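Since the structure is predicted, the reported quantities are computational estimates derived from the model, not experimental observations.
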Amino acid sequence: MDTQTISPLRLLAKAAVLFLALNLLFGAINPLPALVQISLYNTLLPGRQRLPYGDDPQRAYNLNLYSVEAMFASHVLTAAPKPPDEFRVFVIGDSSVWGFLLENKDTLTAALNSANLHSADGRQVVFYNLGHPTISLTKDLMLLDEAMQYEPDLILWPTTLEAFPWDKQLASPLVQNNPQRVSILVSNYQLPIITDQLPSQSPLSNPFFVSQRRNLADLLRLQLYGFAWAATGIDVHIPDEYESHAIDLEADESYGGLERELERGELAFEVLAAGVQRAGGVPVLIINEPIFASDGANSHLRYNSFYPRWAYDGYRSLLAAEAEAQGWHYADLWQAASNAEFTNTPIHLTPRGTLQFADAIIEALSAQFDLNP
């Protein structure tokens, strides 16, 4: 029986032609915008309680990805149209909102939902966790912009000084990987942000397969990790031990490149204003979130490892004045959690500290929006 020998050159040429054809076909069809919205979550799998984020997917059944559409498609918020008897509250912000080192049952939104609040017209108040663990007002604005299509009745925006410096606005990887979204927001709201520092285009917008392998793999992994997450409820790895935030502090009063006499123009109030404007008729409650205030070494110079006293005091004063001038809803809750209830950073709270923070928010919601048990 005759046998044909395989020519390595012919095999290589065929593989190259097939690879080229796959790239051209992928580029012509450009299926990624449709693929990012296809999700097993909220159908075969339950929706996640918080946006995907995780550096250790083998233990947390979660991962980082940059498609905002895919992130929302996995979230319980997108499971169904808004019920008529629901008063819908979105909570945006940083890792303290997302719940770093906290299980889902211990996050800020879980604590707020457990209060079983109702609006004045009898609707059930339901809080949704739309926090994401990087600190940038522009990142928050981008997520708020995406969330508006899901009909909120109220938005809570806990934040802290770290989110305000202009040089922090583009630092978030989620911002860096969504330059088109950010550029549109900068243009629409005339924000003084130089978008030349962003990549020329989003990696999600490149139509060729060879450039989308990582993004396609992330989309697939998000679906696959969903089975383990649905079975265990684990979407964050909480180690048995971790390094606690510093109590004794360096004798250093510098804070980035900001001047000692903090001025309004050094902080990104325009981004905060853009968020309020994007919300339109939906009220936004801006919250200065709790921080740890040390009584250890050099605590007369610094509140904590994040903030020298002059910077944080100046920020609080400027934010209060801006909120009053703009007519914003505002609550300064920087001391709402006791000092014993912070974990690895001056803004991350224990479950008990989160309950204390939630209690203070509920008091503000009752006073400003007539939301009560």
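Checked against ring-ring contact (aromatic ring centres under 6.0 Å, His included), Y312 has the following partners two or more places apart in sequence or in another chain: Y303, Y307, Y315, W334. S114 meets the side chain to side chain contact (heavy atoms under 4.5 Å, CB included) test with no other residue; sequence neighbours excluded. Qualifying ring-ring contact (aromatic ring centres under 6.0 Å, His included) partners for W229, counting only residues two or more places apart in sequence or in other chains: none.
To the nearest 0.5 Å, atoms NE2 (H118) and CG (D85) are separated by 9.0 Å. Taken to the nearest 0.5 Å, the OG atom of S96 stands 5.0 Å off from the CD1 atom of I347.
For the residue pair E162 / Y255, a side-chain donor-acceptor distance below 3.5 Å is found, with atom types taken as modelled. A donor-acceptor contact under 3.5 angstrom links the side chains of T345 and H348, judged on distance only. If you check the side chains of T134 and S136, you find no donor sitting under 3.5 Å from an acceptor. Between the side chains of S294 and S299, not a single donor N or O lies within less than 3.5 Å of an accepting N or O.
Here the side chains of R50 and N104 are in contact, with some heavy-atom distance below 4.5 Å. Here the side chains of L102 and T354 are in contact, with some heavy-atom distance below 4.5 Å. Contact of the M71 side chain with the H132 side chain is registered, since non-hydrogen atoms from C-beta on lie closer than 4.5 Å. Side-chain contact between V76 and Y41 is absent, with no heavy atoms from C-beta onward closer than 4.5 Å. Side-chain contact between W328 and V284 is absent, with no heavy atoms from C-beta onward closer than 4.5 Å. Within the 4.5 Å cutoff, the side chain of V236 has no heavy atoms near those of the N62 side chain. At least one side-chain heavy atom of L141 sits under 4.5 Å from a side-chain heavy atom of L191. Between L51 and L143 the shortest side-chain heavy-atom distance falls below 4.5 Å.
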* Derivation of the side chain to side chain donor-acceptor pair (under 3.5 Å) call for Q49 and D235 -> CA-CA 9 Å; Q49 299 296 313; D235 65 353; over 6 Å; no
* To do: Kindly determine whether D370 and N372 satisfy side chain to side chain donor-acceptor pair (under 3.5 Å), including the steps that lead there.
  => CA-CA 6 Å; D370 198 17; N372 295 286; 3.1 Å; yes
* For F100 and Y53, run ring-ring contact (aromatic ring centres under 6.0 Å, His included): C-alpha distance rounded to whole Å, both residues' side-chain angles, the deciding distance at 0.1 Å, then the answer. => CA-CA 10 Å; F100 204 78; Y53 181 87; 7.1 Å; no
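Between D94 and K139 there is no salt bridge, since none of the side-chain N atoms of the basic residue sits less than 4.0 Å from a carboxylate O of the acidic one. Residues E151 and R88 are not paired through a salt bridge, judged by the lack of any N-O separation under 4.0 Å between the basic side chain and the carboxylate. The pair R278-D145 meets the salt-bridge criterion, since a charged nitrogen lies less than 4.0 angstrom from a carboxylate oxygen. For the pair E253 and R302, the salt-bridge criterion is not met [side-chain N within less than 4.0 Å of a carboxylate O]. Between E341 and R352 a salt bridge is recorded (basic side-chain N to carboxylate O distance below 4.0 Å).
For the side chain to side chain donor-acceptor pair (under 3.5 Å) condition, no pair includes a residue of residues 239-251, sequence neighbours left out.
What you find for T160 and N288 is that their closest heavy atoms are CA-OD1, 4.2 Å.
Residues near L301 contribute nothing to a hydrophobic cluster around it, because no ILVMFWY side-chain heavy atom sits closer than 4.5 Å to its side chain. F127 belongs to a hydrophobic cluster whose remaining members, ordered by chain and number, are F87, V89, V91, V97, L108, L112, L117, V125, L154, L156, I247, L285, I287, F292, L333, F342, L349, F357, I361, I362, L365, F369, L371; membership requires side-chain heavy atoms of ILVMFWY residues under 4.5 Å apart, directly or through intermediates.
W157 is connected to M148 through a chain of hydrophobic side-chain contacts under 4.5 Å among Ile, Leu, Val, Met, Phe, Trp and Tyr, so both are in one cluster.
One N or O on the side chain of Q223 and one on the backbone of L40 form a donor-acceptor pair closer than 3.5 Å.
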